[in-house]
Amino acid sequence: MNPAQSIAQQFLQQYYQTLMTNKMALIQFYTDASIMTYGGELYNGLKAINEKLESLAFQKIVYKIDDMDVQPGAVQNSLFLFVTGSLQMDDSDSFKFSQSFQILPNGQGGLYVHNDIFRLVY
């Protein structure tokens, strides 16, 4: 496994674990420069992304990653990730999803989600 794949795997494990255990803590992955597209709707900046996270109605969610692709990003030490998998909300049926992330250095030795595109696949 190359270093980019290792960083991507660690990031995704932390991101989805946070989403499954405390969805409101997910905001720590974003900054005011972040942009999220969720099901075709655009959310720009921390306030809009936080409002979207608050609106997610599930009480419990479980994610399973089926596959992940990673490429070096255009900015030094950034990564572009593409994820496919399945999720189950509360006691519903399982849904397939795809999600893309562009993660950039945050200037403090870590990374943040600059771009996030999520879509359920029906």
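Distance check, rounded to the nearest 0.5 Å: CG of Asp32 to CG of Asn44 gives 8.0 Å. Between atom OG1 of residue Thr37 and atom CG of residue Asn115 there is a gap of 8.0 Å, rounded to the nearest 0.5 Å. Between atom CD1 of residue Ile61 and atom CG of residue Leu19 there is a gap of 5.5 Å, rounded to the nearest 0.5 Å. Rounding to the nearest 0.5 Å places CE of Met24 at 8.5 Å from CG of Leu56. Atom OH in Tyr63 sits 7.5 Å away from atom CE in Met89 (nearest 0.5 Å). Note that CG of Leu12 and CG of Leu79 are 9.5 Å apart. Values are rounded to the nearest 0.5 Å.
Inspection of the Glu51 and Ser55 side chains reveals no N or O donor paired with an N or O acceptor under 3.5 Å.
Taking a 6.0 Å sphere around CG of Asp93, one finds it holds 12 or fewer heavy atoms contributed by other residues, nucleotides or ligands. Within 6.0 Å of the CG atom in Asn22, the count of heavy atoms belonging to other residues, nucleotides or ligands exceeds 12. Within a 6.0 Å sphere centred on CD of Gln13, heavy atoms belonging to other residues, nucleotides or ligands number 12 at most.
Scanning both residues, Tyr30 and Leu46, for their nearest heavy atoms gives O-CD2, 3.6 Å. Smallest separation of non-hydrogen atoms from Phe97 and Ser86: CE2-N, 3.4 Å. For the residue pair Leu53 and Ile27, the shortest heavy atom distance occurs at CD1-N, 3.9 Å. The minimum heavy-atom distance linking Ala8 with Leu81 is given by the pair CB-CD2, 3.3 Å. The nearest pair of heavy atoms linking Val62 to Met20 is CA-SD, 3.6 Å. Heavy-atom minimum distance, Ala25 versus Phe29: O-CD1, 4.5 Å.
Between Phe118 and Tyr38, the ring planes are parallel. Angles under 30° get that label, and only those over 60° would be called perpendicular.
Contact of the Leu26 side chain with the Ile49 side chain is not registered, since no non-hydrogen atoms from C-beta on lie closer than 4.5 Å.
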* Should Tyr15 and Asp116 be marked as a side chain to side chain contact (heavy atoms under 4.5 Å, CB included) after you check the CA-CA gap, both sets of side-chain angles, and the distance that decides it? -> CA-CA 12 Å; Tyr15 183 91; Asp116 176 359; 3.3 Å; yes
* Step by step, would you call Thr31 with His114 a side chain to side chain contact (heavy atoms under 4.5 Å, CB included)? -> CA-CA 7 Å; Thr31 72; His114 186 74; 5.7 Å; no
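Tyr122 and Ile117 fall into different hydrophobic clusters, where Ile, Leu, Val, Met, Phe, Trp and Tyr side chains are chained together by heavy-atom contacts under 4.5 Å. Val113 and Leu42 fall into different hydrophobic clusters, where Ile, Leu, Val, Met, Phe, Trp and Tyr residues are linked whenever their side-chain heavy atoms come under 4.5 Å apart, directly or through other members.
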Give the table of side-chain donor-acceptor pairs shorter than 3.5 Å for residues 64-74, with sequence neighbours excluded, one pair per line with atom names and distance.
from	atom 1	to	atom 2	distance (Å)
Lys64	NZ	Asp66	OD1	2.9
Asp66	OD2	Lys96	NZ	3.1

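Chaining together hydrophobic side chains whose heavy atoms lie under 4.5 Å apart places Val75 alongside Leu104, Tyr112.
In terms of modelled atom types and a separation under 3.5 Å, the side chain of Gln88 and the main chain of Ser92 share a donor-acceptor contact.
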